[in-house]
There are 2 protein chains.
Amino acid sequence: MKYLLKLSYLGTHYCGFQVQPNGNTVQAELCRATETLFARPCAVTGCSRTDSGVHAEEYYATVAFEGTSSVPCERIPQALCTYLPEDISVSAAWRTPDDFSVRRAVSGKEYCYRIWNGRQKNPFCADRAFFYPGTIDTARMTEAGKRLIGRHDFASFMASGSDMEDTVRTVTGLRVERDGDFVCIYVSADGFLYNMVRIIVGTLIEVSEGKIAPEEIPDILSARDRMRAGRTAPAGGLFLHKVFISVPEGIV
Amino acid sequence: MKYLLKLSYLGTHYCGFQVQPNGNTVQAELCRATETLFARPCAVTGCSRTDSGVHAEEYYATVAFEGTSSVPCERIPQALCTYLPEDISVSAAWRTPDDFSVRRAVSGKEYCYRIWNGRQKNPFCADRAFFYPGTIDTARMTEAGKRLIGRHDFASFMASGSDMEDTVRTVTGLRVERDGDFVCIYVSADGFLYNMVRIIVGTLIEVSEGKIAPEEIPDILSARDRMRAGRTAPAGGLFLHKVFISVPEGIV
């Protein structure tokens, strides 16, 4: 049997989604909880990797196991929540065909990067927003961001050392919104390279600081050189905000 | 010299404000930070005690020390922030007369109790809101809450074992607000007994559940018996929201 699960998690205490040899992960916790609930070995597959300390407001994973379970589908979210720690929650579950692939079902994702732009640090934002007390020029950031939208080679916006060969992605949206002392940067794309959003945010911050001009963005893209883009913003401000997923007809 | 400090903190990792023999406290952290900044022994006094795990969006404390300091007053908040952990922040500082008492200057406080009323637990609310998935009848809570407003003996709403003799307090406001899946209960008073807000919230939840009628509140008050009120809501949902403070003319 296979189920699709919708979940959310606070990433602060995890080394990302994917199981790691050292350190606890969301996948490991999900595996433990599903194996307790279904009382047999379970294979958990996530819709994307997230880095250590990155959060997910929306995330999809499948759990597959041999044989059948008597747990009614509508009871699965609450039952899993009781087995999961406080910082991981399952909100929905659907039965899927055995050949359903959550990776293939995802057509895109939207990340939100939160910046706390107050004058002093905010205790309620530790590990949940990047504290940046300087002036933020959202109009200038938006100007630069527009130049990232579209199908481009984002090699300059990928962490050095990544072995990804195809670095072309389509950024479908990028907007900068101020809400009081918070500035949120939303980036949606068909896929993301390693650290791509955090490097985009770091670059937009340098645009705001006047170190990079919005007009330089096309050159930075065509350079395919990580050194040309800005710094990498910290993980704690990054939230996987939305997952664009198409589920097959067979799903119940 | 004496300074009045305005601060905020996330209470999750502290055994309340006041120094405890076992476990770290906000006062201990403030003491360490001020002694580092002013390079001498410092006496830190808080405007109120808060329980273990309770948060403060607004809090006032004084720091007093012998002699004078060359640190400009306007630099103190940022300097202290660098010496304090991520979950404590100082946002303002004022020089006060040496005989200024922060306890006497406070005429009242407002607490906010946050309830996460979604169907499933919310990972971003762990230790920051009380997860209560049942139906909440805010109108019925408000009906009961009205009967708590005014000058009453709140002995029934004080943790058993407290040695406070004068249990008369004036609740100046109590309102229940729904904001999406959050329900917030605001309680303001000239002073609070030990666990008073958490017992008020637990009682209002039992009112919502139909276990207590709003009309019973006057009887519960006059009984002066902790057993008559509802259960104690968990600490993590409680925020010291506002402190009503009057500062003397001499303050600079």
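Only a predicted model underlies this, so the values are computations on that prediction, with no experimental measurement involved.
In terms of modelled atom types and a separation under 3.5 Å, the side chain of Lys121(A) and the main chain of Asp87(B) share no donor-acceptor contact.
Residue contact with chain B, scored on non-hydrogen atoms closer than 4.5 Å, involves the backbone and the side chain of Leu84(A) alike. Neither the backbone nor the side chain of Pro133(A) comes within less than 4.5 Å of any heavy atom of chain B. With a 4.5 angstrom heavy-atom cutoff, Leu10(B) touches chain A via backbone and side-chain atoms both. Only the side chain of Arg128(A) comes within contact range of chain B, with at least one heavy atom under 4.5 Å from a heavy atom of that chain.
Annotation for Arg178(B): atom CZ counts as buried by contact number, over 12 foreign heavy atoms lying within 6.0 Å. Within a 6.0 Å sphere centred on NZ of Lys242(B), heavy atoms belonging to other residues, nucleotides or ligands number 12 at most. Atom CZ of Arg119(B) has 12 or fewer neighbouring heavy atoms from other residues, nucleotides or ligands inside a 6.0 Å radius. Within 6.0 Å of atom CZ in Arg75(A), 12 or fewer heavy atoms from other residues, nucleotides or ligands are found, so the atom counts as exposed in its surroundings. Environment of CZ in Arg49(B): sparse, with no more than 12 heavy atoms of neighbouring residues, nucleotides or ligands closer than 6.0 Å. Counted within 6.0 Å of CD on Gln78(B), heavy atoms from surrounding residues, nucleotides or ligands total 12 or fewer; the atom is thus considered open. Heavy-atom neighbours of Tyr186(A) OH from other residues, nucleotides or ligands within 6.0 Å: above the threshold of 12.
Annotation: the span from Ser89(A) atom OG to Phe131(B) atom CZ amounts to 7.0 Å, rounded to 0.5 Å.
Residues Pro123(A) and Glu86(B) fail the side-chain proximity criterion, which asks for heavy atoms closer than 4.5 Å.
Phe239(B) and Phe124(A) have their aromatic ring centers within a separation under 6.0 angstrom.
Closest of all the heavy-atom pairs between Gln120(B) and Ser91(A) is CG-CA, 3.8 Å.
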